[in-house]
Amino acid sequence: MTPRARVLGATRARVLSTLRACIGPTATIVTAIAAWAIFKYSFSVKDFMLPSPLGVARVFLEDPSPFLLGMRETAISAVIGFSIAVVGGVLLGSALSLSRTIERSVYPVTLLFQMVPLVAIAPLLVIWCGFGRPAIIASTVIVSIFPVIANTLAGLRARDPKLDELFAVLGAGRLACWWKLALPSSVASIVTGLRISAGLATIGTISGEFIAAEGGPRAPLGMLIMTSLRQFQTDRVFVSVALAACVGFALFGFVSVASRVLLARWTRGR
Amino acid sequence: MNSNTATMCSLKLAGVSRAFGAIAAVDSVNLTLDAGSFTAMVGPSGCGKTTLLRMMGELEIPSAGQISRSSGTVSFCFQEPRLLPWRTLLENVALPLELTGVERHERLERAARALALVQLDDAHTRYPHQLSGGMQMRASIARALVSRPQLLLLDEPFSGLDEITRHELDAELRALWERERFTAIVVTHSIPEAAFLAERVLVFSPRPARVVADIATPMIVRDARAWTSDALAACVREASTALLHAIVEARR
């Protein structure tokens with residue numbers, strides 16, 4: 001076999017195995033939709049209680065543009081908020097690792113991000129940031145930053161003290177120790193945090209949009225859900241929820257793939 | 001002999017002690033080490049010779065006494081290679097230069113030269129886990145040499161390796177010293193290794209470490225690479241025996 005043929009063969013094998021991995025989830029989704037349709041028609045459930053799968057699809061296909069625009073708005077907020085959570089979480093986690101005293105006094109406070117229900121502070125966000133994107137982004141950050149902080153801190157704590165000593169012998173400054181030693185050694189742990197917080201980010205965005213989004217032609221998915229609910233347009237709620245799930249899934253998928261590529265390089269030989 | 005010997009690092013210890021809590025690890029050591037010399041420190045395990053070496057490298061602070069050394073770069077070679085697993089060998093070896101702000105192109109060039117010194121020319125782009133323990137240790141020596149130190153401190157550098165690799169690396173270290181003439185201090189458990197490497201051997205007492213014998217080895221094993229294996233073996237044996245006698249005499 002020529003090397004080229006071998007590479008092609010390997011690619012084909014990978015595609016096939018990916019397809020095979022998709023069979024199960026697809027079957028589950030199809031079964032769920034079928035069960036939904038059967039339930040709907042056999043009990044003649046009213047449309048505002050439970051729309052039919054076909055009805056949901058029709059609402060979307062008749063005029064997809066408000067949904068797609070809303071999806072775009074939501075995705076932008078989610079990505080910006082998640083990025084801020086990543087950078088901020090890594091910086092905060094690193095700051096906490098500077099000393100035990102700082103960690104002991106500040107870490108419990110960062111737990112607040114995790115403990116206080118977002119709906120309780122979301123009105124405050126509106127007071128501080130006004131309606132619109134900034135408040136939504138803030139809500140995304142609050143919901144998704146904690147796993148990044150916690151995993152950064154855990155990674156930094158777990159690094160090899162012998163390498164610290166090496167850097168001390170080489171006369172490295174604090175910044176060099178952080179950038180060239182502490183962060184690279186914590187990559188595996190940080191990436192785990194990123195995966196968790198990628199899943200949370202979209203939840204934070206949609207929740208923020210419930211309270212802080214503005215209506216109009218560029219209303220994000222959270223806003224579409226709220227307005228449709230008020231008008232009992234349950235089918236529109238279903239479309240928006242499905243698209244919100246797509247945003248969350250895309251963000252999570254991107255982070256998973258990116259982290260797998262990164263880890264393949266980083267964790268060689270461990 | 002190198003002409004710039006005068007500018008090379010020499011080390012002077014005056015009444016140096018170190019205690020960890022109630023336990024005295026090093027007790028009032030006085031020493032003068034000449035520039036360009038190769039000294040071995042031997043003694044029972046846990047006697048405090050590593051602590052002494054770490055004080056010379058400023059990894060520990062003496063509880064009492066003074067260590068003075070003439071200016072110049074100091075490198076420390078640990079018992080384990082301590083390479084960064086996410087960096088290639090070349091980047092690992094370039095690390096000391098990177099941390100002192102040497103420009104990228106120059107530091108990679110110097111790292112490549114250091115790797116050549118330890119026979120790792122063909123391994124620039126490999127990662128530490130792809131190498132044997134001996135190759136990793138070689139790389140760690142290259143990293144210690146890349147900043148052209150005037151003082152090289154080695155803490156049982158080859159103790160984790162098999163005998164054959166260890167001999168190879170000892171010969172290489174010795175040849176490097178012949179060529180570069182840095183001041184070298186090695187802590188070792190092995191008398192043959194001390195006899196093979198060093199021109200001066202300091203024997204330490206059990207804890208707290210004090211110098212009980214200061215022995216000049218007959219410098220017979222010069223340029224070990226050019227020797228036949230029989231001659232070399234005979235030489236090391238002879239030097240080891242002489243050293244062992246001296247140690248026993250000194251401790252009597």
Side-chain angles (χ1 to χ4, degrees), chain A residues 3 86 90 93-94 97-99 148 151-195 255-270, chain B residues 50 53-61 72-89 91-102 104 107 111 125-133 135-136 139-141 143-147 149 151-155 157 160:
Chain A
V86 171
V90 169
S94 307
S97 78
L98 285 178
S99 89
V148 186
N151 280 277
T152 303
L153 192 57
L156 293 175
R157 285 260 168 265
R159 72 175 186 269
D160 186 359
K162 289 186 166 173
L163 291 180
D164 277 339
E165 202 179 58
L166 169 73
F167 271 60
V169 170
L170 295 176
R174 272 207 129 147
L175 191 65
C177 282
W178 177 71
W179 182 245
K180 296 185 188 217
L181 174 64
L183 275 192
S185 2
S186 317
V187 158
S189 173
I190 293 173
V191 156
T192 309
L194 295 194
R195 270 194 214 150
V255 171
S256 293
V257 171
S259 60
R260 207 168 311 146
V261 172
L262 193 67
L263 284 186
R265 175 175 147 75
W266 235 252
T267 50
R268 275 177 231 250
R270 292 213 193 143
Chain B
T50 291
L53 192 79
R54 290 169 61 90
M55 286 193 286
M56 293 172 179
E58 288 179 348
L59 278 171
E60 305 264 357
I61 300 159
T73 317
V74 181
S75 281
F76 202 100
C77 222
F78 295 98
Q79 207 166 338
E80 327 79 23
R82 299 197 189 183
L83 302 171
L84 306 181
W86 56 86
R87 284 184 174 225
T88 63
L89 225 50
E91 291 165 341
N92 259 299
V93 171
L95 180 69
L97 302 176
E98 189 178 328
L99 292 174
T100 48
V102 175
R104 184 181 162 80
R107 69 174 184 251
T125 56
R126 318 260 303 265
Y127 286 84
H129 80 274
Q130 298 173 305
L131 305 171
S132 68
M135 287 163 95
Q136 292 188 19
S140 135
I141 290 174
R143 183 180 60 198
L145 293 176
V146 77
S147 46
L151 175 62
L152 180 65
L153 304 168
L154 304 112
D155 184 13

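Both backbone and side-chain heavy atoms feed into the values below; hydrogens, waters and symmetry mates do not. Treat the numbers as computed from the prediction; the structure is a model and nothing was measured. Throughout, a chain's letter reflects where its sequence line sits, starting with A, and its residues are numbered from 1.
For the atom pair OG1 (Thr73(B)) and CG (Leu170(A)), the distance works out to 11.5 Å, reported to the nearest 0.5 Å. With values rounded to the nearest 0.5 angstrom, Phe76(B) atom CZ is found 11.0 Å from Leu166(A) atom CG. Put simply, CH2 on Trp86(B) and CG on Leu181(A) are 5.0 Å apart, with the number rounded to the nearest 0.5 Å.
Taking 4.5 Å as the limit, every side-chain heavy atom of Val169(A) sits out of range of all side-chain heavy atoms of Arg82(B). You'll find the side chain of Lys162(A) stays beyond 4.5 Å of the side chain of Gln79(B), heavy atoms only.
Heavy atoms only, all atoms of each residue included: Leu163(A) and Leu83(B) are closest at CD2-O, 4.3 Å.
Contact count versus chain A (heavy atoms, under 4.5 Å) is highest, among Gly57(B), Pro96(B), Pro128(B), Ser75(B), for Pro96(B).
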Start with the C-alpha distance between Leu99(B) and Lys180(A), add both sets of side-chain angles, then the distance that settles side chain to side chain contact (heavy atoms under 4.5 Å, CB included), and finish with yes or no.
CA-CA 9 Å; Leu99(B) 292 174; Lys180(A) 296 185 188 217; 4.1 Å; yes
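Proximity to chain A is limited to the side chain of Glu80(B), based on heavy atoms less than 4.5 angstrom apart. Using a 4.5 Å cut-off between heavy atoms, Phe78(B) touches chain A through its side chain atoms alone.
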